Amino acid sequence: MIIRREHAADRPEIVALIEAVFPEPVEARLLRELFASREYIPELSLVAESDGGEILGYVISTRGWVGEVPALGLGPIGVLPAYQKQGVGSALMQASIDAANGLGEPVIALLGSTEYYPRFGFLPADSLGIFSPDPSWGSYFMALPLAGFHSGIRGHFKYAEPFNNL
Ligand SMILES: CC(C)(COP(=O)(O)OP(=O)(O)OC[C@H]1O[C@@H](n2cnc3c(N)ncnc32)[C@H](O)[C@@H]1OP(=O)(O)O)[C@@H](O)C(=O)NCCC(=O)NCCS
């Protein structure tokens, strides 16, 4: 398996993967809108591809903001059900974090499981002074400070525009 950047030709397979992973259609719709959005960042749209050329997993981070400071929002992420719990998601997460560091990004925020994401260093975002777009998300809204993080990065997190249509 390799982790590589998404090509435009991969998109139908990626959307089908997200539809297979998530029972509700909102994530696939969100992803289509993210592909078309100004906040799309090609270096942070990553697929996990098998030796045989099948896309097993996918992750995207898009432009967001902490206050006025550019930051990243991660999601959706998904791994085909038959390939879950075999390390594909972890490989995608690590590649995503490495790519974000390579781009000099300061922080990645996400909404997700408090049992899964802390293993990659994610913390409750409010412990870093980064506040959730929706206070009801509580500790499920997490953030990972990257090499470019500094204590001046504080405030409310804003996702890419398509997240407002959820
Ligand atoms: C979440 C997901 C991307 C993880 O990918 P993966 O390839 O299965 O993950 P890995 O094999 O790298 O890691 C497996 C570990 O994560 C745990 N894990 C996987 N999904 C989890 C979840 N939703 N909540 C909590 N823990 C989870 C597994 O129990 C396992 O734990 P262990 O290492 O202690 O045994 C994948 O399971 C998935 O697509 N799930 C459905 C969609 C989803 O929930 N997306 C995330 C929305 S926040």
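Atoms within a ligand are numbered from 1 in the order they appear, just like the ligands themselves. Everything numeric here is computed off the predicted structure, so don't read it as measured data. For this chain, numbers begin at 1 and follow the sequence in order.
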Practice prompt. Sequence neighbours left out, what passes ring pair (Phe, Tyr, Trp, His ring centres under 6.0 Å) with H7? Give chain and number order.
Written response: none
Discussion item. Same cluster or not: V66 versus W137, using hydrophobic residues (I, L, V, M, F, W, Y) connected whenever any side-chain heavy atoms lie under 4.5 Å apart?
Written reply: yes
Discussion item. Looking only at distances, can you tell me whether any N or O atom of S90, backbone or side chain, sits closer than 3.5 Å to an N or O atom of ligand 1?
Written reply: yes
Practice prompt. Establish whether atom 35 (O) of ligand 1 and some protein heavy atom are separated by less than 4.0 angstrom.
Written response: no
Worksheet, complete the sentence: Residue, atom and distance of the protein heavy atom nearest atom 39 (O) of ligand 1 read V79 N, 2.8 Å
Fill in: Pairing of R4 and E43 as salt bridge, 4.0 angstrom limit
no
Discussion item. Has Q86 got a side-chain atom pairing as donor or acceptor with A82's backbone, closer than 3.5 angstrom?
Written reply: yes
Practice prompt. For S113, take its heavy atoms, then give the atoms of ligand 1 lying under 4.0 Å from any of them.
Written response: 24 (N), 25 (C)
Worksheet item: Has ligand 1 got any nitrogen or oxygen that is less than 3.5 angstrom from a nitrogen or oxygen of G112?
Response: no
Worksheet item: With only distance considered, is E115 within less than 3.5 Å of ligand 1 through an N or O on each side?
Response: no
Discussion item. Starting from atom 5 (O) of ligand 1, what is the nearest protein heavy atom, named by residue and atom, and what distance separates them?
Written reply: G89 CA, 3.4 Å
Worksheet item: Can you tell me which residue and heavy atom of the protein come closest to atom 27 (C) of ligand 1, and the distance to 0.1 Å?
Response: Y116 CD1, 3.9 Å
Item to complete: Find out whether I60 and I77 are in side-chain contact, i.e. whether some heavy atom of one side chain is under 4.5 Å from a heavy atom of the other.
Response: no
Worksheet item: Checking ring-ring contact (aromatic ring centres under 6.0 Å, His included) for the pair F157/F131: CA distance, chi angles, key distance, verdict?
Response: CA-CA 6 Å; F157 187 79; F131 301 104; over 10 Å; no
Practice prompt. Among all protein heavy atoms, pick out the one at the shortest distance from atom 8 (O) of ligand 1; state its residue, atom name and that distance to 0.1 Å.
Written response: K85 N, 2.7 Å
Fill in: Six-ring centre of Y58, R5 cation under 6.0 angstrom, axis tolerance 45°
no
Worksheet item: Any N or O on F22 sitting closer than 3.5 Å to an N or O of ligand 1?
Response: no
Worksheet item: Just checking, any donor-acceptor pair under 3.5 angstrom between side chains of S132 and Y140?
Response: no
Item to complete: Could you tell me whether atom 20 (N) of ligand 1 has at least one protein heavy atom nearer than 4.0 Å?
Response: no
Worksheet entry | Backbone or side-chain N or O of I77 under 3.5 Å from ligand 1 N or O | yes
Discussion item. Could you check whether any heavy atom of L80 sits closer than 4.0 Å to an atom of ligand 1, since that is the contact criterion I want to use?
Written reply: no
Worksheet item: Is it true that a side-chain atom of S127 and a backbone atom of P124 form a donor plus acceptor pair closer than 3.5 Å?
Response: yes
Practice prompt. Enumerate the atoms of ligand 1 whose separation from the nearest heavy atom of G78 is less than 4.0 angstrom.
Written response: 39 (O)
Discussion item. Looking only at distances, can you tell me whether any N or O atom of G87, backbone or side chain, sits closer than 3.5 Å to an N or O atom of ligand 1?
Written reply: yes
Practice prompt. Scan E39, E105, E161 and name whichever one has a salt bridge (charged side-chain N to carboxylate O under 4.0 Å, His left out) with R63.
Written response: E105
Practice prompt. Using the side-chain contact (heavy atoms from CB on, under 4.5 Å) rule, take Y159 and L111 through it: C-alpha gap first, then chi angles, then the decisive distance, then the call.
Written response: CA-CA 11 Å; Y159 272 107; L111 175 65; 4.1 Å; yes
Worksheet item: So, R29 side chain and V26 main chain: donor-acceptor pair closer than 3.5 Å or not?
Response: no
Worksheet item: Is the backbone N or O of V79 less than 3.5 Å from a side-chain atom of Q84, with the two atoms forming a donor-acceptor pair by type?
Response: yes
Worksheet item: R119: heavy atom below 4.0 Å from ligand 1, yes or no?
Response: yes
Practice prompt. Just jot down the ligand 1 atoms closer than 4.0 angstrom to any heavy atom of V21, in number order.
Written response: 39 (O), 41 (C), 42 (C)
Discussion item. Among all the protein's heavy atoms, is there at least one whose distance to atom 2 (C) of ligand 1 comes out below 4.0 Å?
Written reply: no
Item to complete: State whether any protein heavy atom lies less than 4.0 Å from atom 24 (N) of ligand 1.
Response: yes
Practice prompt. Could you say whether the N/O atoms of Y117 and ligand 1 ever approach to under 3.5 Å?
Written response: no
Practice prompt. Could you find the nearest protein heavy atom to atom 40 (N) of ligand 1 and give me its residue, atom name and distance?
Written response: Q84 NE2, 3.5 Å
Worksheet, complete the sentence: Numbered in order shown, the ligand 1 atoms found under 4.0 Å of a heavy atom of L111 are 48 (S)
Worksheet item: Using the ring of each side chain (for Trp, its six-membered ring), is Y40 parallel, tilted or perpendicular to F35, with breaks at 30° and 60°?
Response: perpendicular
Worksheet item: Counting each atom of ligand 1 from 1 as listed, which ones have a heavy atom of V88 under 4.0 Å away?
Response: 7 (O)
